[in-house]
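Both ligands and their constituent atoms are indexed starting at 1 by order of listing. Treat the numbers as computed from the prediction; the structure is a model and nothing was measured.
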Amino acid sequence: MIDTIKTKRDIRKLQLDELKAFFVEHGDKPFRAQQVYEWLWQKSCKDFDQMTNISLSTRELLKEHFVINHIHVDNMQRSEDGTIKNAVKLHDGLIVESVLIPTEKRITACVSSQVGCSLDCKFCATARLKRMRNLNADEIYDQVAVIKEQSELFFGRPLTNIVFMGMGEPLLNYNNVVAAIDKITSPKGLNMAPRRLTVSTVGVAKMIKKMADDEVKFNLAVSLHAAINKTRSSIMPINDTNNLEELAEAIKYWYAKRKKKVTYEYVVWKGINDDMEHAQALLKFCKIVPSKVNLIEYNSIEDDKFQQASEDTLRMYQELLESNGITARIRKSRGKDIDAACGQLANKS
Ligand code: SAH
């Protein structure tokens, strides 16, 4: 018995062609694979018995060979501003978090790509958890499918945007992130437009170039936070091995192929980057390729070194950028009361 359980494969690890081969091998039509695939990826089906247009005997055959490993929402919290945070339990018991952010015009899913993170950004709560593993493509896809359902259930509106700004560094789990995005954007999957997806990275230069070479269609956001090497290295250790010059070169390479504005995420902290020298350096960096800036509010992770700069400083940054033709938005945090805001995802539950 135990042996049979062990040998059952997760059906969602199979490509459509492999599923077709399975059915042919068992004397069925390749078309059956198409039907099952739709149940798995369009309807996010979690149980073979829900596949009502598949005969009972075929369902039994599937159960004999496969399992559907799917995530479970272990805990769902709602913020007073409507934001929903899901603590998502994976098949091996590990937990990641994903967030639904409602605004007047959009409903955005913020999803995780890794359990924990290896990058050690000094201001981020996720950095305090060591990286435990990468998420599989289906675990990433499931977070989106769950939020899509929640969006319809709680808000009566469709999910409109997806950002990879949850736990982990998406470009260090590139293959699974891209495979999940394929399912999310495919007409055979959730059919969402790639321009509605943004992958946010700490700025892994080599992988940004790979994205350009692969001609991916989603958007790129880079967590910059400082455009002066010394400052950036002091808050983001990745900058030691992957400095601003290398990052700039990768971004140029990306823009040359993709021709789409890059978004820079930037937090302004007291005494760290709240002076004109840092603002000017950011402006200079923004001129490398067409770009826009999100000045994001700092969400405290209870570390005295980091304190949000004053509103005046934020406005100084914004005016400098805007007067030089660069769109800069000051972004207020959402879901702070439930620790669902940027940088606060750390499985407190
Ligand atoms: N690893 C990716 C995605 C995860 S973080 C990346 O670095 O982009 C998503 C965004 O939240 C990043 O811009 C990150 O720098 C920012 N962030 C991290 N900690 C934060 C905090 N305490 N307050 C505000 N933003 C934070």
**Q** Can you tell me if Met167 has a non-hydrogen atom under 4.0 Å from ligand 1?
**A**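 Contact check Met167 vs ligand 1: negative.
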**Q** Do any nitrogen or oxygen atoms of Phe123 come within less than 3.5 Å of a nitrogen or oxygen of ligand 1?
**A**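 Yes, since at least one N or O of Phe123 sits under 3.5 Å from an N or O of ligand 1.
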**Q** Determine, stepwise, if the pair Gln150 / Leu159 fulfils side-chain contact (heavy atoms from CB on, under 4.5 Å).
**A** CA-CA 9 Å; Gln150 291 175 331; Leu159 175 66; over 6 Å; no
**Q** Measuring from atom 1 (N) of ligand 1, which candidate in Gly168, Gly203, Cys121, Ser300 has the nearest non-hydrogen atom?
**A**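 Looking at heavy atoms only, the winner is Gly168.
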**Q** Got the closest protein heavy atom to atom 2 (C) of ligand 1, with its distance?
**A**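 For this ligand atom, the closest protein heavy atom is Ser200 O, 3.3 Å.
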**Q** Kindly compute the distance separating OG (Ser98) from CD1 (Ile147), expressed to the nearest 0.5 Å.
**A**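 Here the interatomic distance stands at 4.0 Å.
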**Q** Looking only at the side chains, is there a donor atom on one of Asn299 and Ser333 sitting less than 3.5 Å from an acceptor on the other?
**A**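 Side chains of Asn299 and Ser333: pair found under 3.5 Å.
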**Q** In a check of side-chain hydrogen bond (donor to acceptor under 3.5 Å, both in side chains) between Trp39 and each of Thr52, Asn53, Asp47, which one passes?
**A**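 Only one of Thr52, Asn53, Asp47 forms a side-chain hydrogen bond (donor to acceptor under 3.5 Å, both in side chains) with Trp39, namely Asn53.
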**Q** Closer than 4.0 angstrom: is that true for some heavy atom of Gly166 and an atom of ligand 1?
**A**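 It does; at least one heavy atom falls under 4.0 Å.
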**Q** Taking distance alone, with no angle check, do Asn299 and ligand 1 share an N/O pair under 3.5 Å?
**A**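 It does: an N or O of Asn299 is found under 3.5 Å from an N or O of ligand 1.
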**Q** Taking the side chain from Arg12 and the backbone from Val67, do they hold a donor-acceptor pair closer than 3.5 Å?
**A**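 Not a single qualifying donor-acceptor pair exists.
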**Q** Which of the atoms of ligand 1 are close to His225, meaning less than 4.0 Å from one of its heavy atoms?
**A**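 Near His225, the atoms of ligand 1 are 13 (O), 14 (C), 15 (O).
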